[in-house]
**Q** 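Input: one structure, supplied below.
Labels below follow one simple rule: chain letters A, B, ... track the order of the sequence lines, proteins then strands, and each chain is numbered from 1.
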Amino acid sequence: MTDRNMALAQLEPGEEAIIEFKDVNKWYGDFHVLKNINFSIKKGERIVVCGPSGSGKSTMIRCINRLEEHQKGIISVDGVEMNDNLKNIEAIRKDVGMIFQHFNLFPHLSILENLTLAPIWVRKKPKKEAEEMAMHYLERVKIANQALKYPGQLSGGQQQRVAIARGLCMEPRIMLFDEPTSALDPEMIKEVLDVMVQLADEGMTMVCVTHEMGFAKKVADRVVFMDAGEVVESNEPHEFFNNPQHDRTQMFLSQILNH
Amino acid sequence: MAIEFKPSPSLPPPVNSVGAVAWLRNNLLSSPLNVALTLFSLYILYLLVPPMIQWGIVNATFTGDTRAACTGGGACWAFIGAYFEQFMYGLYPSEETWRINLSLIALVVLLGAFAIKTINKFYLSLVITLVYPVVAYFLFAGGVFGLVVVETSLWGGLFLTTLLGVVGIVASFPLGVLLALGRRSDMPVAKSVCIVFIETIRAVPLITILFMASVMIPLFLPDGMNFNKLMRVIIGITLFSSAYMAEVIRGGLQAIPKGQYEAADAMGLTYWQSMILVILPQALKLVIPGIVNTFIGLFKDTTLVYIVGMFDLLGRIQAANHDANWLGTTVEGYAFAGFVYFIICFGMSRYSMSIERKLDTGHKRN
């Protein structure tokens, strides 16, 4: 048994599904982006979603906090069905953090203000408490000394780490990562991945769209491969990488691993 | 063994690329064409400036009671002096003009208080936007605390110009923000109402709106229900510029990347929270030049109230030109009007630039 599996056994992810997709379909106009997506994610699970561009993986992850609407099927998060009910959506969004490819920090606010905005206005925390928590998370992503700067003054890797800290400040139950390292230089990818690995080790439920196969091997409980709007294959990482079932998966892996 | 990498030291820039000489060389004399243009401009200035100084200062007359006193052959500034009070306050009674001065001083003091760090800016803004207008209104109109009533028909001059401008600016800005948000809203009713309003108002000249406000609206109102013409004109001007303001602000909203909206949504902020805390601060900052453009346009457009029988600064000057004692002072009157408008509009433009610099965070490294 490897160290990694030992850790897994100790953590013992909970049994109840925290995110559930049932026959989910979505169209952009005539274009069928998501076709009958079915899967569930358990509490504490770390899922890596991969696939070629245009395969619907970003759309799928963005349906979880309803940045995108699906037209058919049921998505439920934490037992709450995602539909047009704005109150439900806002309640779910409080508990689901999201990290974007382009960081999306608010450029008119300082790093500290970026982190305290949602805790103060959504969680109604007193300002002082919110700032203490913000500093705690900035400490954890190792940029506490930049707290009073503005996002435009930081490097891409630093900005993405701030974005992760900003997500954590809401104390979410689930974190979604939408290609968090795709806009970064190679030297900065590592610093962001380190933070994500640390987060995974603490038992956060994570859904991560990424091309970082090293990260998937190291951290994921399950790797989901999507193509043309469908889940082609979903398996635990060792099996997924060493013994892919579908030829489409094999082709994708041969291209992404042998370059 | 690896060689240690040491970055080379930074050197100062060459001497001829900084300082006044470099500025001259870069801006005025950078090419033969620019040398020629510089010389040509100097020649034009030589032709224009000395005669203007001759007319406006050297040969000008500054005191006197009639046009006859102006014998120097230059400008007759005595005309401005004689009518100064009318130009400033219109026909507002002389012994009551302190009320206007007082409210102006109060406004300057209140705005200046923003610079004091210990004052709560939120309460100060509330005082300025909610308390001050009411107090100022009663000061101007009278009728309370033993203040003599001054009919709005007597209000005029620069006072009226400023009043129309300031009220128009203060009222049209929030209205413009709401219209811009409405036009981009997902709610079909709000959206179509905003589009119809904006497109209708923009398709109509301001003069038409002022005529509507002063002449036609009273015809439609039932007997006995009538409100002040000044009020109607202010509402007309406000609606007019709010439509332009809305389009300027919409431009700013469209320039904000979609990711900003998504990040705000993803945190669980409500629509109004994400607009007020995240989107509008960025969007408005982007369109400060356009907003100030609209403000300056509005301020100058207030001269059109002359057409519906209100005498603002320009109106007062034109009326004074008909005074038999001061015939032939039209040029001085218009020069004065131009000077006052220039000072105010240039001031607004400089102020907007300083705000832009102050708000310029984030996008620049330092």
Side-chain angles (χ1 to χ4, degrees), chain A residues 58 61-62 64-69 84 86-111 113-124 148-155 159 162-163 166-170 172 174-176 178 183, chain B residues 5 7 120-123 177 181 184-190 249 251-289 291 352 354-366:
Chain A
S58 278
I61 199 178
R62 289 154 58 89
I64 296 175
N65 61 355
R66 211 170 169 82
L67 287 183
E68 303 280 357
E69 284 174 32
D84 286 331
L86 212 61
K87 281 271 162 293
N88 280 353
I89 297 173
E90 276 164 14
I92 288 301
R93 283 174 177 170
K94 282 183 203 179
D95 286 330
V96 180
M98 184 157 206
I99 307 302
F100 299 88
Q101 181 176 2
H102 296 287
F103 333 132
N104 295 352
L105 296 178
F106 304 135
H108 63 301
L109 298 177
S110 71
I111 301 303
E113 288 164 336
N114 261 283
L115 267 69
T116 56
L117 185 81
I120 289 175
W121 291 94
V122 181
R123 290 254 189 254
K124 313 286 179 205
L148 298 179
K149 287 195 179 170
Y150 285 90
Q153 294 166 275
L154 302 189
S155 74
Q159 288 194 47
V162 170
R166 180 172 76 171
L168 293 175
C169 274
M170 285 294 278
I174 304 166
M175 284 287 263
L176 310 175
D178 188 2
Chain B
F5 170 68
N120 185 320
K121 303 238 162 38
F122 179 69
Y123 291 120
V177 171
L181 291 177
R184 282 173 59 82
S185 144
D186 294 331
M187 290 178 285
V189 177
I249 292 170
L253 292 173
Q254 278 170 350
I256 303 300
K258 201 161 155 252
Q260 295 286 311
Y261 291 87
E262 289 177 346
D265 283 348
M267 300 179 153
L269 292 174
T270 64
Y271 173 79
W272 287 108
Q273 283 174 339
S274 73
M275 288 303 138
I276 294 171
L277 299 168
V278 177
I279 305 300
L280 282 173
Q282 299 183 55
L284 295 179
K285 188 169 80 181
L286 279 178
V287 293
I288 288 173
I291 291 174
S352 90
S354 81
I355 294 183
E356 267 182 81
R357 271 196 302 274
K358 209 167 108 189
L359 295 182
D360 186 21
T361 58
H363 301 294
K364 246 192 297 186
R365 284 164 176 267
N366 57 2

**Q** Do the side chain of A/R93 and the main chain of B/L269 share a donor and acceptor less than 3.5 angstrom apart?
**A** no
**Q** Please flag which part of A/F100 lies under 4.5 Å from any non-hydrogen atom of chain B: side chain, backbone, both or neither.
**A** side chain
**Q** Non-hydrogen atoms of chain B under 4.5 Å away: do they reach the side chain of A/L105, the backbone, both or neither?
**A** backbone
**Q** Counting only N and O atoms by type, is there a donor-acceptor contact under 3.5 Å from the side chain of A/N114 to the main-chain atoms of A/L109?
**A** yes
**Q** Taking the side chain as C-beta and beyond, is there a heavy-atom pair between B/P289 and B/E356 under 4.5 Å?
**A** yes
**Q** Please classify the contact between A/D178 and chain B as side chain, backbone, both or neither, with a heavy-atom cut-off of under 4.5 Å.
**A** neither
**Q** At a heavy-atom separation under 4.5 Å, does A/R66 approach chain B through its side chain, its backbone, both, or neither?
**A** neither
**Q** Decide yes or no for A/K149 and A/S110: does some side-chain heavy atom of the first lie under 4.5 Å from some side-chain heavy atom of the second?
**A** no
**Q** Which members of residues 257-266 of chain B, sorted by number, sit under 4.5 angstrom from chain A on a heavy-atom basis?
**A** B/K258, B/G259, B/Q260, B/E262, B/A263, B/A264, B/D265, B/A266
**Q** Calculate, to the nearest 0.5 Å, the distance between atoms CZ and CD belonging to A/F106 and B/Q282 respectively.
**A** 8.0 Å
**Q** For a side-chain contact (heavy atoms from CB on, under 4.5 Å) with A/M98, tell me which candidate from A/N104, A/I174, A/N65 qualifies.
**A** A/N65
**Q** When you measure from the side chain of A/R166 to the backbone of A/G97, do you find a donor-acceptor pair of N or O atoms at a distance under 3.5 Å?
**A** no
**Q** A side-chain contact here means heavy atoms from C-beta on lying under 4.5 Å apart; do A/I64 and A/I61 qualify?
**A** yes
